[in-house]
There are 2 protein chains.
Amino acid sequence: MKNIRDLISHCPLFAGLPEDQLDSVRDIIIEKEYGKGETIFSEGDNGIGFYLVSQGMVKIYKVSFEGKEHILHIFGPGEVFGEVPVFTGKVYPANSEAIKKSRLLFLSREAFISLITKNPSISLNMLAILSMRLRQFAAQIESLSLKEVPGRLASYLILLSEEQQNSASVTLSISKGQLASLLGTIPETMSRILSKMSSMNLIEVNGRDIRLFDMDGLQDLAESGKL
Amino acid sequence: MKNIRDLISHCPLFAGLPEDQLDSVRDIIIEKEYGKGETIFSEGDNGIGFYLVSQGMVKIYKVSFEGKEHILHIFGPGEVFGEVPVFTGKVYPANSEAIKKSRLLFLSREAFISLITKNPSISLNMLAILSMRLRQFAAQIESLSLKEVPGRLASYLILLSEEQQNSASVTLSISKGQLASLLGTIPETMSRILSKMSSMNLIEVNGRDIRLFDMDGLQDLAESGKL
DNA sequence: TAAATGCCTTGACTTAGATCAGGGCATGGT
DNA sequence: ACCATGCCCTGATCTAAGTCAAGGCATTTA
């Protein structure tokens with residue numbers, strides 16, 4: 001399939017590999033389909049391999065004692081997840097579920113280890129990716145512990161506006177409730193803060209479209225964390 | 001130095017390397033000393049290499065807008081830190097400081113990359129280390145966002161008791177104030193929760209020694225997050 | 001011995017944000 | 001057209017934990 005090949009060569013994990021190596025990666029891949037709401041793996045499962053999102057979207061989440069769910073990550077096309085236990089030889093530390101109909105590429109542990117042993121440059125790329133993710137996590141921890149919710153939201157919006165080309169207006173790819181969970185809060189609080197920020201003319205909310213009026217104000221908010 | 005050689009062969013990063021390779025690792029290492037409170041690197045510095053703790057203890061931390069500090073990590077002998085910019089090609093995402101007199105081994109970026117290219121097993125070790133760190137971060141984020149402070153403390157104590165052999169009593173390797181920062185709170189709150197847990201006969205505190213009376217109670221607390 | 005410094009504790013107060021409860025408004029199925 | 005479901009908003013109340021302020025003990029330094 002041309003699609004798969006394309007995806008592999010564009011995902012940061014394998015980007016820049018020579019043709020033959022890309023082929024060898026493709027050879028160990030197994031394609032899988034998941035419906036919306038379908039579980040991919042559960043906390044405690046053995047780490048038999050990791051995944052690359054081809055189409056759709058998956059969430060990685062934990063469930064607390066009371067059954068409250070907290071989303072750690074949301075992955076879309078081109079992103080890799082579930083690789084953590086593959087190297088440590090342990091179990092998956094969180095749950096994973098498709099949040100829309102998804103096509104995933106699966107790389108088994110054994111196949112990958114033999115591949116990496118033959119091609120050290122693949123491992124260098126992987127190290128870079130893990131390091132990037134570590135940076136993101138550090139930022140998230142900083143956010144959670146050093147900033148209050150409005151500050152986290154402002155950071156998130158600024159990040160979004162940098163990712164999407166349009167700097168003055170962004171579109172959420174997830175629901176506001178999910179965003180709340182991602183920022184470590186609850187839908188009610190999210191709603192209140194969005195309307196507060198609207199009334200201060202920082203932003204304008206229209207469903208999932210958010211217009212950013214005052215980037216400087218948002219930047220201040222993201223840094224100081226105070227509304 | 002025999003010490004260095006010994007350390008290299010025992011640290012997880014170089015575990016399983018043949019003798020001659022260990023020598024070549026030793027040759028590219030630079031030894032550095034840091035006094036208590038001395039800065040090792042700051043957020044935003046260029047990362048020209050990474051460190052391995054030989055003796056002492058270092059903290060990795062972030063500082064908020066108002067100057068509030070949050071410790072992300074504390075590393076002791078045998079552990080690796082500061083590797084993120086080596087692979088991402090970017091700057092350090094956090095600050096680092098010795099919290100006691102420390103001896104560190106420094107590995108430059110180029111030297112390590114050439115080493116890793118020749119020796120795939122090192123890169124697998126590194127992948128495992130980064131994966132585990134990622135997992136720790138995920139746990140930390142989970143803790144911060146869905147548990148309250150008593151729950152985080154209980155989790156920490158249980159983890160400690162698993163690490164240290166003695167399951168009924170643990171010894172903090174850091175000050176209570178530093179522990180507070182690591183758990184995303186402040187010394188006052190830490191103090192209050194410790195005394196509350198003491199009065200509930202869950203634990204008994206004696207300076208840095210903490211006796212764990214009721215493991216089941218602590219486990220509940222860690223899961224439910226509620227005191 | 002006295003003073004200073006670092007680390008911890010305690011109390012009174014304040015506040016961000018969680019919880020609880022209710023209602024609005026789409027969409028889709030029957 | 002109707003009701004169900006999912007998603008979002010709003011208000012009233014409650015609480016965990018942060019802030020501010022003060023003091024207690026050690027250990028170090030003069």
- prompt: Would you say Ser175(A) reaches dG6(D)'s phosphate, i.e. side-chain N/O to OP1/OP2 under 4.0 Å?
  reply: no

message: If I take atom NZ in residue Lys147(A) and atom C1' in nucleotide dG17(C), what distance separates them, rounded to the nearest angstrom?
response: 18 Å

- prompt: Can you check the Ile193(A) CD1 to dC9(D) C1' distance for me, whole Å?
  reply: 14 Å

query: With respect to the side chain of Glu148(B), which nucleotide from dA17(D), dT10(D), dT9(C) is positioned closest?
result: dA17(D)

- prompt: To the nearest angstrom, how far is Lys196(A) atom NZ from dG11(D) atom P?
  reply: 13 Å

task: Begin with the C-alpha distance, continue with both residues' side-chain angles, and end with the deciding distance and a verdict on ring-ring contact (aromatic ring centres under 6.0 Å, His included) for Phe112(B) and Phe50(B).
output: CA-CA 9 Å; Phe112(B) 185 72; Phe50(B) 66 90; 4.8 Å; yes

- line: Closest of dC7(C), dA17(D), dG17(C) to the Lys36(B) side chain is dC7(C)

message: OP1 or OP2 of dA18(C) versus the side-chain N and O atoms of Thr189(A): is any pair under 4.0 Å?
response: yes

- request: Rounded to the nearest angstrom, tell me the gap between atom NZ in Lys100(A) and atom C1' in dG6(D).
  value: 16 Å

- prompt: Using a cut-off of less than 4.0 Å, is there contact between a side-chain N or O of Ser195(B) and OP1 or OP2 of dT10(C)?
  reply: yes

field: Distance below 4.0 Å between Thr185(A) side-chain N/O and dA18(C) OP1 or OP2
entry: yes

query: Charged N to carboxylate O below 4.0 Å: is that the case for Glu83(B) and Arg133(B)?
result: yes

- request: Give the rounded distance in Å between these two atoms: CG of Leu179(A) and P of dC7(D).
  value: 14 Å

message: From CD of Glu188(A) over to C1' of dG22(C), roughly how many Å is that when rounded to an integer?
response: 12 Å

task: Starting from P on dA12(C), measure out to CZ on Arg192(B) and report it in whole angstrom.
output: 11 Å

message: Is it true that Ser96(A) and Lys59(A) share a donor-acceptor pair across their side chains at a distance under 3.5 Å?
response: no

N or O in side chain of Lys68(B) less than 4.0 angstrom from dG18(D) OP1/OP2: no

query: Looking only at N and O atoms, is any donor in the side chain of Gln178(A) or the base of dC7(D) less than 3.5 Å from an acceptor on the other one?
result: no

- request: May I ask you to check whether Ser145(A) and His70(B) show a side-chain donor-acceptor distance below 3.5 Å?
  value: yes

- request: Figure out the CG/P separation between Asn206(A) and dA26(C), and round it to whole Å.
  value: 13 Å

- prompt: Counting side-chain heavy atoms from C-beta on, which of dT10(C), dA17(D), dC8(D) comes nearest to Lys176(A)?
  reply: dC8(D)

message: Here's a test of your reading of the structure: between Ile186(A) and Met190(B), which maps to the more 5' nucleotide of DNA chain C?
response: Met190(B)

query: What's the verdict on side chain to side chain donor-acceptor pair (under 3.5 Å) for Gln136(B) and His73(B), showing C-alpha distance, side-chain angles and the deciding distance?
result: CA-CA 10 Å; Gln136(B) 281 174 33; His73(B) 240 122; 2.9 Å; yes

